[in-house]
Participant: 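The structure's right below; bear with me while I get my questions together.
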Amino acid sequence: MPLVTTKKMFEMAYKNGYAVGAFNVNNMEITQGIVQAVAEEKAPLILQISRGAREYASNSYLMAIINVAVKENHDIPIATHLDHGDNFETCKQFVDDGFTSVMIDASKLPFEENIKVTKEVVEYAHANGVVVEAELGQLGGIEEHVVGVDDVEKHLTDPNQAVEFVEKSGVDSLAVAVGTSHGAYKFKTEPKLALDRIQQIQDRLPGFPLVMHGSSSVLKEFIDLINKYGGKMPNAMGVPESAISKAAKTAVCKVNIDTDLRLAVTAKIRQVFAEKPSEFDPRKYLGPGRDAIKAMVKHKLQVLGCTGKAGECI
Ligand code: G3H
Ligand code: 13P
Ligand code: ZN
């Protein structure tokens, strides 16, 4: 099966109450770890590439790796997605490079400008059979942004604006701000999310797929290993997996995970370096890093509820 768009995946995820994992890839080992997990668990998959990933490894290398994964796993629907495209030109380049999905993130622009650039990307992408994700609202911890009630309103996605945005831009899915943020330090004290927003948006846009960014859980297992073996990541905190599972049952059809991959591979490499200080064969530490990613992704698929769902997404 060739690469697919996210259309069928989102239809099935919405209908059957699960979410598809969108994992960031930067090199071969990360990609293999993820793909081995979904192949064994028979789950649909979105592999996403950020601008930083493209700058690090180039689209052609990453696409070559992904194409091998697609060829070797006929029964797994795999979509390739540009994560946080910053302007029309970047999105156009990824469409031209053969990606099946792109994100235009113009969430920092004023509302009308966000609609305008999103619409331009939608027109170009749709003409080439590619689907588009956009973002409305500002990602970030509720407490970190918030001084008063008004500040919450400024950062979280406004449900009424979401309707206008989707109608005017023609976008296929929407990333919403509900208190999650990128990285390993998402909350200062306790996790606080505005998951009720998702329901409010879903009520106004029935059937429309939503996306959650910044959804790594920052697993204790890996933070403990990192801190034990010479790292320093005190106070790291992620989104509780119970919240992810809850969101996955709603209109949230795509959940973005990058930090948890980074933590898994870093933890394992640190462990190997500490336990075998004379080791200098990259395969001996990148291999365990890849295995850790595989195990972690298998676990995530359970959290998202998409284990065994590959078949229905084809
Ligand atoms: O959007 C955040 C992702 O984790 C990608 O991060 O731009 O460092 O590749 P990156
Ligand atoms: P995390 O940093 O929580 O993994 O989020 C990744 C993400 O949203 C990529 O777009
Ligand atoms: Zn993101």
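For ligands, and for the atoms within them, numbers begin at 1 and follow the listed sequence. Sequential numbering from 1 along the given sequence is applied to the chain's residues.
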Participant: What I'd like to find out is whether the side chain of Leu139 reaches to under 4.5 Å of the side chain of Thr180, using heavy atoms alone.
Facilitator: yes

Participant: Does some side-chain heavy atom of His213 sit less than 4.5 Å from a side-chain heavy atom of His182?
Facilitator: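 In short, these two side chains touch, coming nearer than 4.5 Å.
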
Participant: At less than 4.0 angstrom from any non-hydrogen atom of Gly183, what atoms of ligand 2 do you find?
Facilitator: 2 (O)

Participant: Does the side chain of Val25 reach to within under 4.5 Å of the side chain of Ile49, using non-hydrogen atoms?
Facilitator: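 Side-chain contact under 4.5 Å: yes.
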
Participant: Only protein N/O/S atoms count here: give how many lie under 2.8 Å from the Zn ion (ligand 3).
Facilitator: 3

Participant: Please state which part of Thr180 comes within less than 4.0 Å of ligand 2, counting heavy atoms only: side chain, backbone, both or neither.
Facilitator: neither

Participant: Please check: side-chain N/O of Ser217 versus main-chain N/O of Leu219, any donor-acceptor pairing under 3.5 Å?
Facilitator: no

Participant: Which atoms of ligand 2 are found less than 4.0 Å from any heavy atom of Asn24?
Facilitator: 9 (C)

Participant: If hydrogens are left out, which of His182, His81, Lys254, His84 has an atom nearest to atom 6 (C) of ligand 2, that is, the closest non-hydrogen atom?
Facilitator: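 Result: the heavy atom closest to atom 6 (C) of ligand 2 is in His182.
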
Participant: Kindly indicate whether the side chain of Gln200, heavy atoms from C-beta on, has any atom under 4.5 Å from the side chain of Arg204.
Facilitator: yes

Participant: Can you list the ligand 2 atoms lying under 4.0 Å from a non-hydrogen atom of Ile257?
Facilitator: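 Close to Ile257: 4 (O).
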
Participant: Does any part of the side chain of Asp172, heavy atoms only, come nearer than 4.5 Å to the side chain of Thr6, both counted from C-beta?
Facilitator: no

Participant: Which residue and non-hydrogen atom of the protein lie closest to atom 2 (O) of ligand 2, and at what distance in Å?
Facilitator: Thr259 OG1, 2.6 Å

Participant: What part of Asp258, side chain from CB on, backbone N/CA/C/O, both or neither, has a heavy atom under 4.0 Å from ligand 2?
Facilitator: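 Near ligand 2, Asp258 shows its backbone as well as its side chain.
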
Participant: What I want to find out is whether Lys268 reaches Asp291 closely enough, with some N-O distance under 4.0 Å, to be called a salt bridge.
Facilitator: no

Participant: Determine whether the side chain, the backbone, both or neither of Ser50 has a heavy atom under 4.0 Å from any heavy atom of ligand 2.
Facilitator: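 Near ligand 2, Ser50 shows nothing, with every heavy atom at 4.0 Å or more.
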
Participant: Would you call Lys228 and Asp224 a salt bridge, taking side-chain N to carboxylate O under 4.0 Å as the test?
Facilitator: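 No.
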
Participant: So, using side-chain hydrogen bond (donor to acceptor under 3.5 Å, both in side chains) as the criterion, who are the partners of Asn227 when residues are at least two apart?
Facilitator: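 Result, side-chain hydrogen bond (donor to acceptor under 3.5 Å, both in side chains) vs Asn227: none returned.
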
Participant: Per the side-chain hydrogen bond (donor to acceptor under 3.5 Å, both in side chains) rule, what does the pair list look like for residues 19-30, sequence neighbours excluded?
Facilitator: Asn24-Gln48, Asn24-Asp83

Participant: Using heavy atoms and a cut-off under 4.0 Å, could you grab the residues that are in contact with ligand 1, chain by chain, numbers ascending?
Facilitator: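 Residues near ligand 1: Asn24, Ser50, Asp83, His84, His182, Asp258, Arg262.
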
Participant: Give the atom numbers and elements of ligand 2 that come within less than 4.0 Å of a heavy atom of Gly214.
Facilitator: 1 (P), 3 (O), 5 (O), 7 (C), 8 (O)

Participant: Numbering the atoms of ligand 2 from 1, which are under 4.0 Å from a heavy atom of His213?
Facilitator: 8 (O), 10 (O)

Participant: With no hydrogens and no angle check, do the side chains of Asn160 and Glu164 hold a donor and an acceptor under 3.5 Å apart?
Facilitator: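 No, no side-chain donor-acceptor contact under 3.5 Å.
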
Participant: My understanding is that only one of Met9, Lys7, Lys15 makes a side chain to side chain contact (heavy atoms under 4.5 Å, CB included) with Glu11; could you say which?
Facilitator: Lys7

Participant: Taking NZ, NE, NH1 and NH2 as the nitrogens, is one of them in Glu112 or Lys116 under 4.0 Å from a carboxylate oxygen of the other?
Facilitator: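 No, no charged N to carboxylate O under 4.0 Å.
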
Participant: List ligand 2 atoms under 4.0 Å from Lys186, heavy atoms only on the residue side.
Facilitator: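 Those qualifying, in numeric order: 1 (P), 2 (O), 3 (O).
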
Participant: Cut-off 3.5 Å, side chains only: do Gln93 and Arg54 have a donor facing an acceptor?
Facilitator: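 Present: a donor and an acceptor within the cut-off.
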
Participant: Suppose we measure from atom 9 (C) of ligand 2 to each protein heavy atom; which comes out shortest, and what is that distance?
Facilitator: Asp83 OD2, 3.1 Å

Participant: So do the side chains of Met63 and Phe99 get within less than 4.5 Å of each other, counting heavy atoms only?
Facilitator: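 Heavy-atom side-chain distance check passes, below 4.5 Å.
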
